[in-house]
Every structure is written in C-alpha cells, then in structure tokens.
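As the structure lists them, so they are numbered: ligands from 1, and atoms in each ligand from 1. Remember, predicted model here, so these are calculated numbers, not experimental data. Side chains are part of it too, since the values below use all heavy atoms of this structure and drop only hydrogens, waters and symmetry mates.
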Amino acid sequence: MEGSNLRRFGMAARILDGTRIAADIRTELVARVEACTLAARRPPTLGILLVGDDAASEVYVNTKSKAGDALGLKVDVVRLPKTATLDKAKEVVCRFNRSQDHDGILVQAPLPSALGTAAESTLFEAIDPTKDVDGFHPTNFGRLAQGRSVFAPCTPSGILELLDRSCINLKGQRAVVIGRSQIVGKPVALMLLHRHATVTVCHSKTRDLSALAREADVLIAALGRPAFVTSEFVKPGATVIDVGVNRLVDEAIVKSLLPPSSPRLQTFARRGSLLVGDVHPAVRETAGALTPVPGGVGPLTVAMLMVNTVRASEMHLGKAV
Ligand code: GUN
C-alpha cells in the first residue's frame, strides 16, 4: 500500500502550497481586471460591511482590502460599531445593492451576537444575488446545490482549486468533511459531490468520528477546534485539507503540539501567539498531502473572492461568464 510505504520510509506529507496557488490565480486575473476597468471606466469594486470589533474579522477584512488593492480592484469597507442595529446594517447592504459603483458585496461573519441569531442569514439574504460574491444568498446556495452555481462560496471554491491544481483526483474517492457550517462544511460537501466523490459529512454529534475520518482519501477539517484531527483520524497517504485558523496564546498548549526542535516554537516566543489549524501538526507524518496553516486554504479564500468580484463586474458589463 502506498500509504504504509510513506510511513515505513518516514516520509512527511507533500505540503500543498496555498500561497503559491493563490498567487497564480491572481496573476491569471490581471488581464480580466484591466478589461473590466477599461469597459466600466472604473475598477471592479467590492463593498464590505464589517460590524463590531472582532479581532480576527478585522484581520480578514484588511487582508481582503490589501489583496484587492494589489490587483487593481477597489475595496470599499463600511464599518459599523458593535452597538449598531440590524436595520442599520441592512441599510448599508441596500445602499450597496442600489449603487452603480459596486459590483460585489460581502458582509463579514461572524456578526456581533447582540444582533441576534438570525442576523447573518437576514443580511446574506438582503444582498442582491447578482452582487453576492460570497455565494451565501439562498438563490446562489440553491444554484450551488443544483450544480449550476454562479457565485460559489470562496473557501470551498478555493479548496477545489487547490485540489485540482495539485492534481488530486476526486472522482470515485471517499471524501469526509468534518464540520457542517454554511460557510465551509455544507458547500464544500456539495462541491465534492458534484465532482463525483463519495461524501460523508461529520459533525459534533457524529459517533465514531475518527473511524469515519480514517476512511477518507480526502479529509476536510473545518470544525474550528485547534489540532483536533490527530493521526488517529487519518488514513496513511490521505490528502488532508486544514480549514481551521486558531490563534493559540497558551505556551503549555503550544509546547504540547510541537516537537522541541520545531522552528515554530521560536515564532511563538517572538510573537506571543501561534496560528494552528484544526489538524494536529503530527499528521504530517501520516498524510500523503497536507495544507499548512498559515499558507494553505486561507490565501485561496481571498483569491477566490477576487475571482468572484471580477466575475460580478463582468456580469454587470453584460459579458457572458
Ligand atoms: N468569515 C469567515 N469566512 C468568511 C467568508 O468566507 N465570508 C464571510 N462573509 N465571512 C467569513
């Protein structure tokens, strides 16, 4: 068996370099951005609504803004305080909807809990589906479920790009998704199904989670718990996609996850925190291919947001896409 050979010879997993693949995708977009800018006499423009002061969301929105700027897009960020009402947030979305100067709209999740549990779906549904570059509007999610998507959610699209561009076959393969979120788990399961994988979706109530995960040729970890997926969850030689982004600040926990020789311990000592995924670092010795954190799925999410924004601009210019 190929997998056990990998282990016998002590080979570590192939690292799937999301940073490089995202850079390729952005390079491929340059000519399309120029054509849109010429035709519309303004760059493709993304409106982002950021409500509250969640530190991670702040970082994500800054990253999206910088990536847009670097590619020649315009990113227009509207910030509301965490005390803002849902009506106020809806007003911003409706303004973006009516605007002739905005092609795409994104409401950054999570929203402050004070807005209520339905706030996210209310705001996602308020977005004009032709500007819904996140693909979370029920029309776009429904189209995705039917296999005829216009805008597919960015992280799942990025995962598929990463698998395709790394020449990892999906047809007939067993795929296991851990996590059933609207943003990643559910849409990526649908996309893998459309690509002829046999898909199992696991979640917090799943029995025998590690045994199910171990059946996967392609394992997607998107549950949001640091280093939860240990080698026990991974069939030797499997492809493991780590969607988690968890910031650890506890030195004892960091030391328990990494070997004493790991250079990442120095990163932790320097910064006082360390980003780890949902997959335990030791899985590198068992998996055949693995996405790193950081530098795996994250950059692909941002690149696919750029792709969807350019697509929205092309659609608004009447180009067939
Ligand atoms: N929060 C975490 N990921 C995402 C995403 O892909 N889109 C939005 N809008 N919010 C997020």
First locate atom CD1 of I178, then atom NE2 of H203, and finally report the distance between them rounded to the nearest 0.5 Å.
11.5 Å
Would a 4.5 Å heavy-atom cut-off, applied to side chains only, mark K255 and L265 as touching?
yes
For a distance cut-off of 3.5 Å, show me each N or O of ligand 1 paired with any protein N or O, plus the separation.
unit_1   : atom_1 : unit_2 : atom_2 : d
ligand 1 : 1 (N)  : Q108   : NE2    : 3.3
ligand 1 : 1 (N)  : A109   : O      : 2.9
ligand 1 : 7 (N)  : D134   : OD1    : 3.1
ligand 1 : 7 (N)  : D134   : OD2    : 3.2
ligand 1 : 9 (N)  : V107   : O      : 2.8
ligand 1 : 9 (N)  : D134   : OD2    : 2.5
ligand 1 : 10 (N) : A109   : N      : 3.0

Heavy-atom check, side chain of R180 versus side chain of S204, under 4.5 Å
yes
I need the L257 CG to T230 OG1 distance, nearest 0.5 Å.
11.0 Å
Does a side-chain heavy-atom distance below 4.5 Å link V133 with L46?
yes
With sequence neighbours excluded, residues passing side-chain hydrogen bond (donor to acceptor under 3.5 Å, both in side chains) with Q173
none
